[in-house]
Trainee: 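Structure in structure tokens, see below.
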Amino acid sequence: MGAGGQISVPDSKSKKLKEPLPLSRVPHLKPPFTLSQIKKSIPSHCFERSLLCSFSYVVYDLSLAFLFYIVTTYFYLLPYPLSYFAWPIYWVVQGCILTGVWVIAHECGHHAFSDYQWVDDLVGLSLHSALLVPYFSWKYSHRRHHSNTGSLERDEVFVPKTKAKVSWYSKYLNNPPGRALTLVVTTILGWPLYLAFNVSGRPYDRFACHYDPCGPIFSGRERLQIYVADAGIFAAIYVLYRIATVKGLAWLVCVYGVPLLIVNGFLVTITYLQHTHPALPHYDSSEWDWLRGALATMDRDYGVLNKVFHHITDTHIAHHLFSTMPHYHAMEATKAMKPILGKYYQFDSTPVYKALWREAKECLYVQPDEGTFHKGVYWYRNKF
């Protein structure tokens with residue numbers, strides 16, 4: 001068993017394997033290593049960004065997306081009822097490919113694409129706008145998430161509530177039907193609701209919106225670029241409108257709309273599972289520091305989709321520690337730093353659909369342990 005991995009134990013009677021035991025908690029005390037020591041354990045070339053290599057992933061992903069779009073032009077030739085099976089396959093595959101495109105744009109926001117900031121911003125703005133994401137708005141709020149990961153007061157997204165602040169209706173949804181409804185609504189609408197209304201985001205003293213240049217999320221020097229991000233969204237919407245007038249709304253929904261919903265669903269799922277797990281701590285201001293917060297995240301296994309998603313799923317700890325590192329070096333970096341991280345490295349191999357259900361059931365609110373000196377360390381609870 002690797003550090004932080006799951007274990008299975010044999011049943012003495014049936015000799016069959018039981019369900020994997022849950023991961024042990026991430027250590028919450030100050031680690032016996034520094035960020036500098038972690039960095040020294042990683043080969044230096046892992047921090048080098050290659051413009052050619054980065055663009056090769058853009059070309060590859062967009063080529064696959066265009067190929068699968070071409071395939072749809074032949075669906076009408078399929079005999080009934082094969083076309084009804086062909087469209088869902090296209091939606092899922094195209095949604096996965098475009099999620100990879102989304103991840104590359106996200107890397108641009110971290111300046112992990114190239115050594116040139118203007119190139120990163122141009123590529124990121126183009127790719128994110130095509131997926132209806134306000135690039136600069138997301139770039140700045142996401143940067144603050146990385147600066148405050150695990151902080152109950154300052155983190156930007158998926159900030160858990162204490163028991164006293166849980167909504168009154170939550171206990172009525174704490175059952176299988178309510179849980180299923182919550183997951184469906186969250187995966188379908190969670191991303192646009194976060195961008196438009198800051199749902200699940202950090203509380204602000206007034207209305208917060210990623211499209212509002214004058215909103216509390218952004219500083220004065222960032223506001224001009226929020227206008228640029230909004231212009232990118234308006235340009236993308238206009239292009240989609242023109243396409244709909246030529247091809248029809250139904251065509252646009254089938255070819256673009258449904259895959260985009262799948263992209264949004266994957267984005268919410270990936271982000272939620274990276275930061276939500278019974279083994280992960282959260283900290284208030286009395287305990288939080290940047291390194292412990294960055295380590296309070298979870299690497300997950302999405303099978304073949306790890307590669308499709310450019311390993312944002314199974315190298316997320318490395319990404320939080322060194323966000324300017326390009327994704328094509330993250331696997332090597334993760335392997336190199338595991339020995340020094342020890343129990344501070346956490347990897348959960350639970351299948352994604354099981355993990356979603358388990359976390360929705362087990363991670364309802366956070367509270368500190370009773371009878372401990374570390375009152376500023378909060379853990380997930382599941383009992384109202």
Side-chain angles (χ1 to χ4, degrees), residues 58 61-70 72-73 87 90-109 113 118-142 156-157 185-201 207-218 222-268 270-271:
V58 176
D61 282 358
L62 294 182
S63 297
L64 282 179
F66 184 73
L67 175 64
F68 278 92
Y69 155 71
I70 293 297
T72 65
T73 62
W87 276 109
Y90 163 78
W91 292 333
V92 172
V93 173
Q94 189 71 298
C96 291
I97 294 169
L98 293 179
T99 301
V101 174
W102 198 104
V103 171
I104 292 175
H106 153 264
E107 284 220 324
C108 292
F113 187 83
W118 69 271
V119 172
D120 290 26
D121 286 342
L122 183 60
V123 174
L125 178 64
S126 302
L127 296 180
H128 261 169
S129 296
L131 297 172
L132 300 185
V133 178
Y135 169 72
F136 288 108
S137 309
W138 164 251
K139 171 181 175 179
Y140 292 129
S141 69
H142 189 61
E156 282 289 336
V157 67
V185 172
T186 301
T187 52
I188 294 177
L189 299 177
W191 176 237
L193 287 176
Y194 170 64
L195 291 178
F197 304 106
N198 196 39
V199 173
S200 84
F207 178 71
C209 171
H210 277 74
Y211 304 103
D212 180 9
C214 297
I217 299 176
F218 312 110
E222 295 166 349
R223 304 202 190 284
L224 179 60
Q225 289 181 308
I226 308 308
Y227 282 110
V228 175
D230 289 347
I233 297 297
F234 282 119
I237 291 174
Y238 178 74
V239 171
L240 293 173
Y241 165 74
R242 297 296 299 174
I243 292 174
T245 60
V246 175
K247 294 286 191 176
L249 181 60
W251 184 93
L252 183 64
V253 169
C254 287
V255 172
Y256 174 83
V258 179
L260 184 64
L261 285 178
I262 292 174
V263 172
N264 293 346
F266 270 126
L267 171 61
V268 171
I270 291 169
T271 309

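These figures come from a predicted structure and were not determined experimentally. Heavy-atom basis, side chains included; hydrogens, waters and symmetry copies ignored.
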Trainee: With side-chain contact (heavy atoms from CB on, under 4.5 Å) as the test, would you mind laying out the steps for Trp251 and Tyr256 before giving the verdict?
Mentor: CA-CA 8 Å; Trp251 184 93; Tyr256 174 83; over 6 Å; no

Trainee: Taking all atoms of both residues into account, what is the closest heavy-atom pair of Gly201 and Tyr194, and its distance?
Mentor: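 In this case the closest contact between Gly201 and Tyr194 is CA-CE1, 4.0 Å.
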
Trainee: Provide the closest heavy-atom pair for Val101 versus Leu131 in the form atom of the first, atom of the second, distance.
Mentor: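 Closest approach of Val101 to Leu131: CG1-CD1, 4.3 Å.
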
Trainee: Can you tell me how far CG of Asp212 sits from CG of Asn198, rounded to the nearest 0.5 angstrom?
Mentor: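 Those atoms lie 11.5 Å apart.
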
Trainee: Which pair of non-hydrogen atoms, one from Pro259 and one from Trp91, has the smallest distance, and what is that distance?
Mentor: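 Shortest heavy-atom contact: CD-CD1, 3.9 Å.
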
Trainee: Once rounded to the nearest 0.5 Å, what's the spacing between atom CZ of Phe136 and atom CG of Leu224?
Mentor: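 Taking CZ in Phe136 and CG in Leu224, the distance rounds to 9.0 Å.
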
Trainee: Who are the side chain to side chain contact (heavy atoms under 4.5 Å, CB included) partners of Thr187, not counting sequence neighbours?
Mentor: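 Checked Thr187 against side chain to side chain contact (heavy atoms under 4.5 Å, CB included); matches are Thr269.
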
Trainee: According to side-chain hydrogen bond (donor to acceptor under 3.5 Å, both in side chains), does anything in residues 92-109 pair up with another residue at least two apart or in another chain? List the pairs.
Mentor: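 As it turns out, the side-chain hydrogen bond (donor to acceptor under 3.5 Å, both in side chains) pairs with a partner in residues 92-109, which skip direct neighbours, are Tyr90-Gln94, His106-His110, His106-His142, His106-His319.
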
Trainee: Could you list the residues that satisfy ring-ring contact (aromatic ring centres under 6.0 Å, His included) with Phe66, not counting sequence neighbours?
Mentor: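 In terms of ring-ring contact (aromatic ring centres under 6.0 Å, His included), with neighbours along the sequence ignored, Phe66 is linked to Tyr69.
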
Trainee: Can you establish whether the number of heavy atoms outside Tyr211 located under 6.0 Å from its atom OH is more than 12?
Mentor: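 Yes - once you tally the heavy atoms of other residues, nucleotides and ligands closer than 6.0 Å, there are more than 12.
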
Trainee: Between Gly95 and Val263, what is the shortest heavy-atom contact and its length?
Mentor: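 In this case the closest contact between Gly95 and Val263 is O-CG2, 3.4 Å.
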
Trainee: State the CG-CD1 distance between Leu193 and Ile188, to the nearest 0.5 angstrom.
Mentor: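 If I round to the nearest 0.5 Å, the distance is 11.0 Å.
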
Trainee: If I compare all heavy atoms of Cys108 with all of Val123, which pair ends up nearest, and what's the gap?
Mentor: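 Minimum heavy-atom contact is SG-CG1, 3.8 Å.
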
Trainee: Do Ile217 and Ser137 have side-chain heavy atoms sitting under 4.5 Å apart?
Mentor: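 When only atoms from C-beta onward are counted, Ser137 and Ile217 do not touch, as no gap falls below 4.5 Å.
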
Trainee: Going by side-chain hydrogen bond (donor to acceptor under 3.5 Å, both in side chains), name the pairs with one or both residues in residues 120-131, residues two or more places apart or in two chains.
Mentor: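 Residue pairs passing side-chain hydrogen bond (donor to acceptor under 3.5 Å, both in side chains), neighbours aside: His111-Asp120, Ser114-Asp120, Gln117-Asp121, Asp121-Tyr135, Asp121-Lys139.
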
Trainee: Applying side-chain contact (heavy atoms from CB on, under 4.5 Å), run through Val258 and Trp87 and close with a yes or a no.
Mentor: CA-CA 10 Å; Val258 179; Trp87 276 109; over 6 Å; no

Trainee: Which donor-acceptor pairs under 3.5 Å do the side chains of residues 227-245 make with protein atoms, sequence neighbours left out?
Mentor:
{"residue": "Thr245", "atom": "OG1", "partner": "Arg242", "partner atom": "O", "Å": "2.6"}

Trainee: Residues two or more places apart in sequence or in another chain: which of them pass ring-ring contact (aromatic ring centres under 6.0 Å, His included) with Phe266?
Mentor: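 For Phe266, the residues satisfying ring-ring contact (aromatic ring centres under 6.0 Å, His included) (neighbours in sequence not counted) are Phe309.
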
Trainee: Looking only at non-hydrogen atoms, find the nearest pair between Leu195 and Leu132 and report the distance.
Mentor: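 Closest pair (atom of Leu195, atom of Leu132, distance): CD1-O, 4.4 Å.
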
Trainee: Where the side chain of Trp191 meets the backbone of Gly265, is there a donor-acceptor pair that is under 3.5 Å apart?
Mentor: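 Here the side-chain-to-backbone pair does not exist.
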
